[in-house]
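Presented below is the structure to which this report refers.
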Amino acid sequence: MKFNLFVKKFCCLVVLLLAGVAFGARVRREVKIPDVPGYVTVKCDFHMHTVFSDGRVWPDVRVEEAWREGLDAFAIADHIEYHIHEEDVRIDHNRSYEIALPRAESLGLTIIRGAEISRDMPPGHLNAIFVKDSAALDTQEWRDAVKAGIEQGAFVFWNHPGWKKQAPEGKSVWYAEHTELYEKGWMHGIEVVNNDEYYPLVHKWCLEKKLTMVGNSDVHNPTNLNYEFHEGEHRAMTLVLAKDKSKEAIKEALKDRRTVVYWKNMLIGEEKYLRAIFNESIEIVNDEVTIKGEGAVHIQIRNRSEIDFELSANGAVEGISVPEDIRLYGDKSVLLRIRGSTEDFSGNKKIGIPYKVKNLLIGPDEGLGAELVIKVNFVPADKATGSPEG
Ligand SMILES: [Zn+2]
Ligand SMILES: [Zn+2]
């Protein structure tokens, strides 16, 4: 072979190899929601299925999906009671976890053993996670199944209480059986969100009864058949505010109800946790401004999270006028134009501009109240110096 030809062939080979690497890229998208003081914001999905019940994927594929989609921890919760692939896949309630475990460990994800007790309503479907042996939940009587989970130290939550197949017209109903589970301490949380459904009534129940709010995908298909990832969609997930990303820390946080549900462009949960996430996400870059008479200035607000916060004015502020609605775009900065409302105001004032964050739900239809705090140096118009603000 001539030397030039060799070089050409060698270069072609290198290009092909590089192209192969590029086409085979396996990429993780980080979910950008900040940690809060004292806790790590752990991105979790505690409900998904594999071929070992009625799902359409092999367990280790669930692991790579979780990794690619920015999760830190997850539970596969195959149905105890039905297995649509039983002619092709043997029934083994622990098998999906066992297959997924080494892949999860190699990718640094926390995997939690779980199972879905799937009965008629009431009590409907319940997930038991942090179990040691899912097979023990395969019992005749549903109470024995829950008991078996509880005896293994499980965290138990009620799944999709507003699922149309079990709740006529999608209205969640709390039955005597749920009171029984609740009073025994056998039900620790409820899905406020399941896949593409949000249950406002359940949100209210969780606040009143001090139950943990969870939101999960309950995905059966490969996730990229359910979500338009190229358009920025993400699966429903539970943000767990835990001391670290370990299984033990996640369980402790779940029992202490430190969760927020991340669903579409919304956060759903308890006020104190939504406030903590909002406060850590937002930074007012120039929080000290001078307003001359009725002149205008711009406040620059940076949003470190990936959520577009939708704010609407929540009351008047003395001395300034502010926009009625603002959208603080995720991972971007926006300019908020404020204007003096009198000619002759003077002096330094600390002002909290009141807004409602419409897509941070602290209760059904109730947005988080938040203040954008700035310091304003008011200068009367006739004493103003310098050029007017553009
Ligand atoms: Zn279910
Ligand atoms: Zn399910």
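Atoms within a ligand are numbered from 1 in the order they appear, just like the ligands themselves.
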Is the positively charged end of K210 above the ring of W205, judged by distance under 6.0 angstrom from the centroid and angle within 45° of the axis? no
Within H79, is some N, O or S atom less than 2.8 Å away from the Zn ion (ligand 2)? no
The Zn ion (ligand 2) to D218: nearest N/O/S atom name: OD1
Are K243 and Y39 in a cation-pi contact, defined as NZ or CZ under 6.0 Å from the six-membered ring centre and within 45° of the axis? no
The Zn ion (ligand 1) and H125: any N/O/S contact shorter than 2.8 Å? yes
Ring centres under 6.0 angstrom apart (F309, F278): yes
Looking at E116, pick out the N, O or S atom nearest to the Zn ion (ligand 2) and give its name. OE1
Specify whether an N/O/S atom of H160 falls short of 2.8 Å from the Zn ion (ligand 1). yes
Under 3.5 Å, side chain of R258 to main-chain N/O of L241, donor-acceptor pair present? yes
Please determine whether side-chain hydrogen bond (donor to acceptor under 3.5 Å, both in side chains) holds for the pair H220 and D54, giving the CA-CA distance in whole Å, both sets of side-chain angles, and the decisive distance to 0.1 Å. CA-CA 7 Å; H220 288 68; D54 59 348; 3.2 Å; yes
